[in-house]
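First the structure, in the form of structure tokens, and then the observations on it.
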Amino acid sequence: MLLFQDLRKAIYEIVNEKFRISENDVYLDDTGHSDITVRIFRILKSPDGGEGIIDEIVGSISGKEYVEKAVSEGGYINVWIKRSYMLREVIESIEKKGIYPDVFQEADRVSVEHTSANPTGPLHIGRARNSIIGDSVYRILTRYGYRTTRQYFVNDSGKQMISLYTAYIRYGGPITIDNLLENYQRIYREMETDPSIEKEIERNIERYENADPEVYETLRKIAGVMLDGIASTLKRIGIEFDEFDWESDLLRDGSVKKIIDMLQTKEEDGARYIEIPGKKIFLTRKDGTTLYFARDIAYHLFKAENSEWIIDVLGEDHKDHAKSLDHVLKQMLKLENRISFMYYSFITLETGKMSTRRGNIVTLQDLVDRTYEEALKIVNEKRPDLSEDDRRKIAEVIATSAVRYSIIRVSAPKAITFRWDEALNFEANSAPFIMYSHARATSILEKAEEPGDKYDFNMDPEEAELVKAMYVYPYYLMDAALDLKPDLIATYLISLVQKFNDFYGACRVIGTDPMTYSRRIRIVKAYRQILSDAGSLIGIRMLDQM
RNA sequence: GGGCGCAUGGCCUAGCCUGGAUAGGGCAACAGCCUCCUAAGCUGUAGAUCAGGGGUCCAAAUCCCCUUGCGCCCGCCA
């Protein structure tokens, strides 16, 4: 089986044999000039290049069985791949293996750590960007053939968490998300005028690190309730974890202490720190309690035991932290695992930054709920023929897919200003736009009879374009996986759906002659399969009707 | 003050790493398309000094430098 990337490589080698070029000079063209373009400015300019050699190269490329034609135009050789070849590759893979492509297989184990939000309150949409990016990366790498583990590092021993605990002790009330959150916001307000609170928190940190069972048990219970809230909201949009790794476990089994002893620490007022180029990094406070950096080193060494490739999804505020961490792990501790940090910019509201402590947040829960209400309204309008239960189920799938799509479609380094009207737009460039085409494709197949075994390749232009868009899927999958760019899948999906919509408008399936019918049914089946495959990578669930 | 990131039609966004053929989409606007597989769709019109300036190159949205604006960081917080 030759995928697009194999063809590209083969053509590169043909050209490179005659004249040294860069691999980047052979690329997927999406401007309509060709399928694969070879840039030959360098050859034309060269004294030993020129027309003769170009003709020879064009001749060799034309000779390949999958090449429709190759022509030199201006500074390019435009290569067209046979659509029949593309169609056969896609259809055979799907009919024989049930999936396209089926060739990816990687030996390495990958740890994807994402979310890892302090369980001090419900997840807001800024934090949810972390989860959505992380889960998409997990899905893409898994599809690409890696053995992946999703990990959440639960901070139950930092100052914020102890503050939450201290607030609970001071103000009481039930251990519920609402009450704990109210207490948490209250303690930060009162801390401003009452310095004794700070002291109380410090004492509790010390008690916690010294495994005072009273503090430990209550705090784990509090963290558990908060974490359950976060986890169940995430589960609603299809995000789950393989492991919840608790900071306090690393504290209790001595691994944090071991790390601190291993490093060449210096002291200042009893606080231990290390020096890396340009800065001091404190690992402990003067009272001996540990700091996040120390615990994070221990955590990364823990992850490194089971994964060759460690991926952290982090907010842009963690860039310096991660850079220092990377230095310590690789330079000082000689860790050889591959480590990738993915950064994303924040989501802000039109009214400004979000803050759990101050309470001005849009939670993921709010967003999904409101998106669901909006989706339900539209489904009720469009499909009064369906049962209420069906309409609710459809609205739920639309809402969860739409929320994920609206966040993943923007590349990670770009800041997002959240606007309700944009979040609730279900037209083109949204998950419902993608899902709708799946429902239409399904509808055709439901009405259709089984086609014959034979089909021909006399495709209309819109069919041929759709076939190319499907054939090229592995190429985008590869880029998204290796460059860690889940947003590429969103871009790909939209272009694929647009090609299907063109096909749908221009080409009848049902009621055509047997050979055409047989081919088009196969195309629609393949499309449906590839669409839900690619959609699932970014958490879009397909519906058979909507 | 130092560091990192971002800037593309009224609005949102792709392309930038790896420089090359008319800068792709979408929203909003305007004009059309349902006796035909779901109109959450499709077709067309209009709209862009690719933040500004300089440089490198046969060729710059893309690479380099400067400037401006915005976001983030510079804790014995995480």
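Order of the sequence lines fixes the chain letters, A, B, ..., with proteins taken first and strands second; residue numbering starts at 1 for each chain.
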### Message
On the side chain of A:D269, is there an atom forming a donor-acceptor pair with the base of B:rC76 - under 3.5 Å, no angle test?
### Response
yes
### Task
Kindly state whether the ring of A:Y343 and the ring of A:H318 have centres lying under 6.0 angstrom apart.
no
### Query
When all nucleic acid strands are considered with a 4.0 Å heavy-atom cut-off, which category describes A:V379: base, sugar-phosphate, or nothing?
base
### Query
A:D385 near the nucleic acid: base, sugar-phosphate alone, or nothing, with a heavy-atom cut-off under 4.0 Å?
nothing
### Message
If you only use heavy atoms from C-beta on, which nucleotide in B:rC27, B:rU13, B:rG71 is closest to the side chain of A:A428?
### Response
B:rC27
### Message
Would you say CZ of A:R127 has more than 12 non-hydrogen atoms from neighbouring residues, nucleotides or ligands within 6.0 angstrom?
### Response
no
### Task
May I ask which nucleotide in the shown strands pairs with B:rC77, Watson-Crick or G-U wobble, both distances under 3.5 Å?
none
### Query
So what does A:K382 hit on the nucleic acid, given a heavy-atom distance under 4.0 Å: a base, only sugar-phosphate, or nothing?
base
### Query
Using the benzene-type ring in the case of Trp, are the ring centres of A:F282 and A:F293 under 6.0 Å apart?
no
### Query
Is A:N78 touching bases, backbone alone, or none of the nucleic acid, heavy atoms closer than 4.0 Å?
base
### Message
Using a heavy-atom cut-off of 4.0 Å across all strands, would you classify A:G74 as base, sugar-phosphate, or nothing?
### Response
nothing
### Pair partner, B:rC37 [Watson-Crick or wobble, under 3.5 Å]
none
### Query
Between B:rU13, B:rA40, B:rG5, which one does the side chain of A:P413 approach most closely?
B:rG5
### Query
Just checking A:E268: base, sugar-phosphate only, or nothing, at a heavy-atom cut-off of under 4.0 Å?
base
### Query
Does B:rG19 pair with anything, Watson-Crick or G-U wobble, both distances under 3.5 Å, and if so, with which nucleotide?
none
### Message
Looking at B:rC6, which nucleotide sits across from it as a Watson-Crick or G-U wobble partner, both distances under 3.5 angstrom, or is there none?
### Response
B:rG69
### Query
Which of these nucleotides, B:rU8, B:rU18, B:rC27, is closest to any side-chain atom of A:D483?
B:rU18
### Message
Counting only side-chain heavy atoms from C-beta out, which of B:rU13, B:rC4, B:rA78 sits nearest to A:H321?
### Response
B:rA78
#### Entry: Residue A:V509, side-chain heavy atoms: nucleotide from B:rA21, B:rC72, B:rC37 that is nearest
B:rC37
### Query
How is A:E427 classified with respect to the nucleic acid when contacts are heavy atoms under 4.0 Å: base, sugar-phosphate, or nothing?
sugar-phosphate
### Task
Would you mind classifying the nucleic acid contact of A:R295 as base, sugar-phosphate or nothing, using non-hydrogen atoms under 4.0 angstrom?
sugar-phosphate
### Query
Hey, does A:L283 reach any base, or is it just sugar-phosphate, or nothing, if we go heavy atoms under 4.0 Å?
nothing
### Query
Base, sugar-phosphate, or nothing: which does A:T31 touch, judged by heavy atoms less than 4.0 Å apart?
base
### Residue A:M546, side-chain heavy atoms: nucleotide from B:rU8, B:rC37, B:rA40 that is nearest
B:rA40
### Task
Identify, between A:S345 and A:E247, the residue whose nearest nucleotide on RNA chain B lies closer to the 5' end.
A:S345
### Message
Under a 3.5 Å cutoff, is there a donor and acceptor pairing between the side chains of A:S248 and A:D156?
### Response
yes
### Task
Can you check whether any acceptor in the base of B:rA21 is under 3.5 Å from a donor in the side chain of A:T37, or vice versa?
yes
### Query
Can you check whether A:F41 and A:Y76 have ring centres sitting under 6.0 Å from each other?
yes
### Message
Taking any heavy-atom pair under 4.0 Å as a contact, classify A:D421: base, sugar-phosphate, or nothing.
### Response
nothing
### Query
Which nucleotide, B:rA21, B:rA39, B:rC27, lies nearest any side-chain atom of A:R440?
B:rA39
### Query
If you check every side-chain atom of A:Q498, which of B:rG25, B:rA40, B:rC76 has the closest atom?
B:rG25
### Message
If I pick the P atom on B:rC6 and the same atom on B:rU22, what distance separates them, to the nearest angstrom?
### Response
27 Å
### Query
Reckon A:R272 touches a base, only the sugar-phosphate, or nothing at all at heavy-atom distances under 4.0 Å?
nothing
### Query
How would you label the contact of A:F433 with the nucleic acid (heavy atoms, under 4.0 Å): base, sugar-phosphate, or nothing?
sugar-phosphate
#### Entry: Side-chain N,O (A:N429) to OP1/OP2 (B:rG25) below 4.0 Å
no
### Message
What contact category does A:A439 fall into here, base, sugar-phosphate, or nothing, at under 4.0 angstrom with non-hydrogen atoms?
### Response
base
### Candidate nucleotides B:rC77, B:rU13, B:rG41, ranked by approach to the side chain of A:N501 - the nearest
B:rG41
### Task
Apply side-chain hydrogen bond (donor to acceptor under 3.5 Å, both in side chains) to the pair A:S22 and A:D25, showing each step before the final yes or no.
CA-CA 5 Å; A:S22 150; A:D25 282 332; 4.5 Å; no
### Query
B:rA21 base stacked by A:Y76? Criteria: ring centres under 5.5 Å, plane angle under 30°.
yes
### Message
Whether the A:S518 and A:R522 side chains hold a donor-acceptor pair (N or O, under 3.5 Å, no angle test) is what I'd like checked.
### Response
yes
### Message
By nearest atom, which of the nucleotides B:rA40, B:rC77, B:rG20 is closest to the A:R285 side chain?
### Response
B:rC77
